[in-house]
Amino acid sequence: MANYFNTINIGLRALQTQKKSLDVTSHNIANANTEGYSRQRAVHATTDPHTVPGFGMPEGAGQVGTGVEVSDISRIKDQFIEGQIWEKKQSQGYWDRQYDGLHRIEQVFNEPSENSLSSSMDKFWQSLEDLSNNPEDSAVRATVKERGNALVDTFHSLEDQLSDYKASLNRDVNTTVEEINSLGKRIADLNGQIAHIKGTGNNPNDLMDTRDKLIEELNEKVNVRTRETDRGYINISIGGMTFVSGDKRNNLITEMDASNPDEEIIKFEELDRQADINNGELASLLDLRGVGGEGVLPEYMDELDNMAKTFAEHFNGIHQKGYDLNGDFGQEFFVSDDGGDITADSIVVEGSIDDDPAKIAAGSLSDTQDVLEAEVSDANNYDENEEYFVELDKATDSYTVIDSTGNIIANDTIPASKEIDLSTEIGMTFSVNDYGSAVVGKGAGSGGNALNLANTIKSDKLDFSGDGNADSTVMDKYESIISSLGVEGQRADQMVNNQETLVNQLENQRQSISGVSLDEEMANMVKYQQAYNAAAKLIRNSDQMLDSLMSILR
Amino acid sequence: MRINNGVMTDNMMRNLEKNMERLDKLNQQLSSGKKFSNPSENPIGVADSMELSSIISNHDQYLRNIGEAKDWMASTESALKNSGKILQRAREQAVYGANGSLSENDRKQIATEVGQLKDELINVANSKLGERFLFAGQKTNMDDQPFDADGNYQGDGRALRREVSPGVKMKINTDGKELFEDAIAKLDDLETALNDNDQNAIDNSIGELDDSLNANIQERATVGAKMNRLDLAESKLDEEKIQSQELLSNNEDVDIAKTITDLKMQENVYRASLASGARIMQPTLVDFLQ
């Protein structure tokens with residue numbers, strides 16, 4: 001027997017269901033532009049029919065249904081794509097930061113420009129060439145000194161800016177760790193709420209969206225792994241150690257590394273163990289700043305120190321072979337202001353030269369260095385007022401050294417080493433470059449050593465790697481530093497673009513699946529509205545039917 | 001793929017951003033005139049630019065060195081020309097003095113003039129360029145003069161060299177001792193011979209003065225040849241400098257015509273993407289349901 005009230009009940013359920021669906025639709029429309037929002041769908045299902053026919057049940061055609069209900073409000077989301085996005089975000093965060101860092105270092109070096117190390121070097125070189133033209137001119141000497149100071153200042157300024165950047169990277173590490181902690185805290189809180197709501201059989205869709213968004217942000221910052229539990233928690237580990245477990249979070253802290261000052265290290269507070277950070281922004285910051293003295297910034301700072309030291313030592317060696325305007329042999333031109341090794345930070349022009357540019361050793365003992373270079377090897381036997389005439393005869397491969405009064409000091413074949421040692425005779429050694437003749441002694445107008453000094457910048461090959469091979473000039477070395485910086489920057493730029501393309505594609509896919517389509521929602525709205533109207537009519541009809549029945553009784 | 005409003009706006013925004021980036025890049029190139037400003041934009045280009053700038057500064061410096069060397073040699077040449085004239089005049093006096101018909105007194109008068117010529121020659125031998133003695137060797141700023149009143153040489157006769165192109169050094173000074181000490185002594189001899197009225201010695205002087213004149217002419221020829229060499233080196237450096245500047249410009253300077261065309265094209269693309277964006281963003285079913 002058909003139950004009249006059944007019809008009304010079906011109508012009522014239908015009304016409720018369409019109304020609820022309309023609510024879901026309006027929620028979707030309202031959140032069409034909410035970041036991280038996944039569209040939701042009201043899943044309609046028939047309600048349970050009346051029980052199977054039996055003795056108590058009348059015979060009839062089949063089972064009559066009891067109507068509709070919203071069985072589930074589901075979140076349309078592909079968790080696999082979400083996982084991929086999370087993973088890619090780590091690399092994206094890493095390379096974004098690398099690019100920023102390398103770009104910053106590029107700006108510090110400021111190449112190519114008029115105010116860079118290479119242009120300071122170049123100006124210093126020019127002043128030394130001028131000195132070789134006018135070695136007795138005090139204005140030219142003062143220029144050499146000032147250009148030397150400008151070069152030293154450029155080294156200092158590079159070093160200062162790189163050190164400042166290192167300090168700011170340490171601050172960034174601290175801030176990022178705080179952000180990670182805060183994200184962890186919010187994720188743990190959401191875990192708790194989500195598990196609670198799921199326990200009651202509901203779907204906390206919006207909370208889950210928020211949690212996904214936070215986890216995505218966390219992935220940008222650091223390498224994390226996630227695992228979802230049956231209760232609805234997402235547990236998170238960093239480098240194999242638990243960071244978020246259920247509604248609990250293990251705090252990360254930073255502290256100065258005892259063995260590497262200027263380096264903040266990251267630890268799990270409770271475990272008191274160092275965290276293994278290998279991807280995301282945080283790892284990028286650590287790689288830029290350096291871990292245990294190894295990293296992008298330390299590499300360039302070391303290169304700069306090495307360049308300053310190798311160049312200064314070579315320059316000093318040449319300077320000490322020449323003599324100054326007073327006829328005294330040169331001292332060290334560049335020294336360290338802290339008494340230690342020369343670095344980009346400590347290099348300065350030696351004080352007495354800075355006070356008196358006459359002390360710049362522009363003169364060289366041999367007036368024809370193409371033929372012969374002379375060096376004082378034994379100051380006791382050396383007479384600084386004497387001059388010698390040296391003749392190198394190609395035909396007999398022999399040399400003759402005559403003093404100013406015409407006495408022959410030495411006459412012998414040139415040794416295979418091309419080094420003539422007259423330490424005991426006149427306190428000097430000669431190294432032979434070619435055949436011909438040269439005068440050895442001192443003269444104020446000699447700019448020979450100034451040329452040698454100029455050559456230290458553009459011609460002399462130095463041993464920067466310490467492998468015993470003098471294989472590049474200081475300018476070449478510097479150019480190679482700049483181009484390796486450029487190549488690294490370019491690579492980071494490409495990686496940023498690659499990661500961006502990958503993430504964009506995935507985000508597009510995610511948007512395609514989870515994004516709200518207004519057309520679709522409008523169509524649904526019309527659909528639900530019409531179903532609602534129809535259900536309302538159903539109730540009115542039932543009501544009329546009941547009325548007709550009741551009128552019999554009147 | 002399910003296309004919805006989000007997908008479309010996201011894509012449009014991304015493409016707009018890319019177009020803006022390209023526009024910005026072209027704009028930057030045009031306003032700076034350079035193809036790149038950071039090493040990472042073009043590592044090889046930047047390294048080449050640094051190398052070429054260094055080469056151009058080399059050329060500038062060598063051109064300055066050559067300028068200095070040429071100044072020095074021009075001064076040397078004019079000193080040599082003057083000393084040649086003096087020697088020529090002295091020779092004429094010697095020939096005149098050798099004339100048998102002259103009296104002792106006449107010869108004494110000639111001797112006075114020769115004495116004057118000798119002093120003049122010492123003056124020339126002490127010539128300076130600025131503050132620097134031309135013929136003192138490397139003792140260019142010595143307190144005394146390179147030749148004292150008796151014509152004794154006090155310089156050091158050492159060579160002055162200038163780097164006139166990479167690795168090429170040229171001796172720019174003339175050895176004063178060789179050239180002048182001897183000539184001054186000969187004028188001295190002639191003066192004495194004239195004073196002593198010694199005709200034989202006067203005859204000898206003529207030949208000796210000829211030797212000095214020859215040496216003078218030879219040295220002038222050498223200086224002249226060196227100046228030619230410097231001129232050659234100078235024009236070669238000038239040419240190389242222009243080439244390097246061209247290379248540098250090709251390497252880093254923007255091709256304005258091409259970049260402006262690119263910019264216009266890019267601008268059109270940007271406009272088109274804006275227009276299409278405006279079209280797709282507006283209509284939804286909302287617009288058609290009343």
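Lettering of chains follows the sequences in order, A, B, ..., and the numbering in each one begins at 1.
Residue A/S437: no heavy atom, backbone or side chain, is found under 4.5 Å from chain B. Residue contact with chain B, scored on non-hydrogen atoms closer than 4.5 Å, is absent for A/L102. In this structure, no portion of A/D137 lies under 4.5 Å from any heavy atom of chain B. For A/K123, no part sits under 4.5 Å from any heavy atom of chain B, backbone or side chain. Looking at A/E520, only its side chain comes within 4.5 Å of chain B, counting heavy atoms on both sides. Residue contact with chain A, scored on non-hydrogen atoms closer than 4.5 Å, involves the backbone of B/S37 exclusively. Contacts between A/A523 and chain B at a heavy-atom distance below 4.5 Å involve backbone atoms as well as side-chain atoms. Only the side chain of A/S118 comes within contact range of chain B, with at least one heavy atom under 4.5 Å from a heavy atom of that chain. Residue contact with chain B, scored on non-hydrogen atoms closer than 4.5 Å, involves the backbone and the side chain of A/V487 alike. Proximity to chain B (any heavy atom under 4.5 Å) is restricted, for A/L451, to the side chain, taken from C-beta onward. Both the backbone and the side chain of B/N38 come within contact range of chain A, with heavy atoms under 4.5 Å apart.
Between the side chain of B/R161 and the backbone N or O of A/S132 there is no donor-acceptor pair closer than 3.5 Å. Within the 3.5 Å criterion, the main-chain N or O of A/G515 finds a donor-acceptor partner in the side chain of B/N4.
Put simply, the side chain of A/N134 reaches to within 4.5 Å of the side chain of B/E68, judged on heavy atoms.
Expressed to the nearest 0.5 Å, how far CZ of B/R2 lies from CD1 of A/I76 amounts to 8.5 Å. Rounding to the nearest 0.5 Å gives a distance of 12.0 Å between CE of B/M8 and CD of A/Q511. Here the CG-CG distance, from B/N141 to A/L325, works out to 6.5 Å after rounding to the nearest 0.5 Å. The distance from the CG atom of B/N5 to the CG atom of A/N33 is 8.5 Å, given to the nearest 0.5 Å. In this structure, A/S512 OG and B/D10 CG are separated by 11.0 Å, a value rounded to the nearest 0.5 Å.
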Exercise. Under the side chain to side chain contact (heavy atoms under 4.5 Å, CB included) rule, what do A/N508 and B/R14 come out as? Steps first, then yes or no, please.
Key: CA-CA 11 Å; A/N508 231 338; B/R14 254 177 230 137; 3.7 Å; yes

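Chain B forms more heavy-atom pairs under 4.5 Å with one residue of A/E111, A/Q509, A/M475 than with any other, namely A/E111. Per-residue counts of heavy-atom pairs under 4.5 Å with chain A were compared for B/E131, B/R132, B/K169, B/M1; the largest is that of B/R132. Chosen from A/V516, A/L485, A/D476, the residue pairing most often with chain B at heavy-atom distances under 4.5 Å is A/V516.
In this structure, B/I44 places its CD1 atom where only 12 or fewer heavy-atom neighbours from other residues, nucleotides or ligands lie under 6.0 Å away. Residue B/E178 places its CD atom among 12 or fewer non-hydrogen atoms of other residues, nucleotides or ligands, all under 6.0 Å distant.
For a heavy-atom cut-off of 4.5 Å, chain A lies close to B/V46, B/A47, B/M50, B/E51, B/S54, B/S57, B/N58, B/Q61, B/Y62, B/R64, B/N65 in residues 46-66 of chain B.
Side-chain atoms of B/S40 and A/E106 include a donor-acceptor pair closer than 3.5 Å.
Nearest heavy-atom pair across A/D367 and B/A159 is OD2-N, 2.7 Å.
Under the side chain to side chain donor-acceptor pair (under 3.5 Å) criterion, A/N28 pairs with A/Y37, A/E521, sequence neighbours left out.
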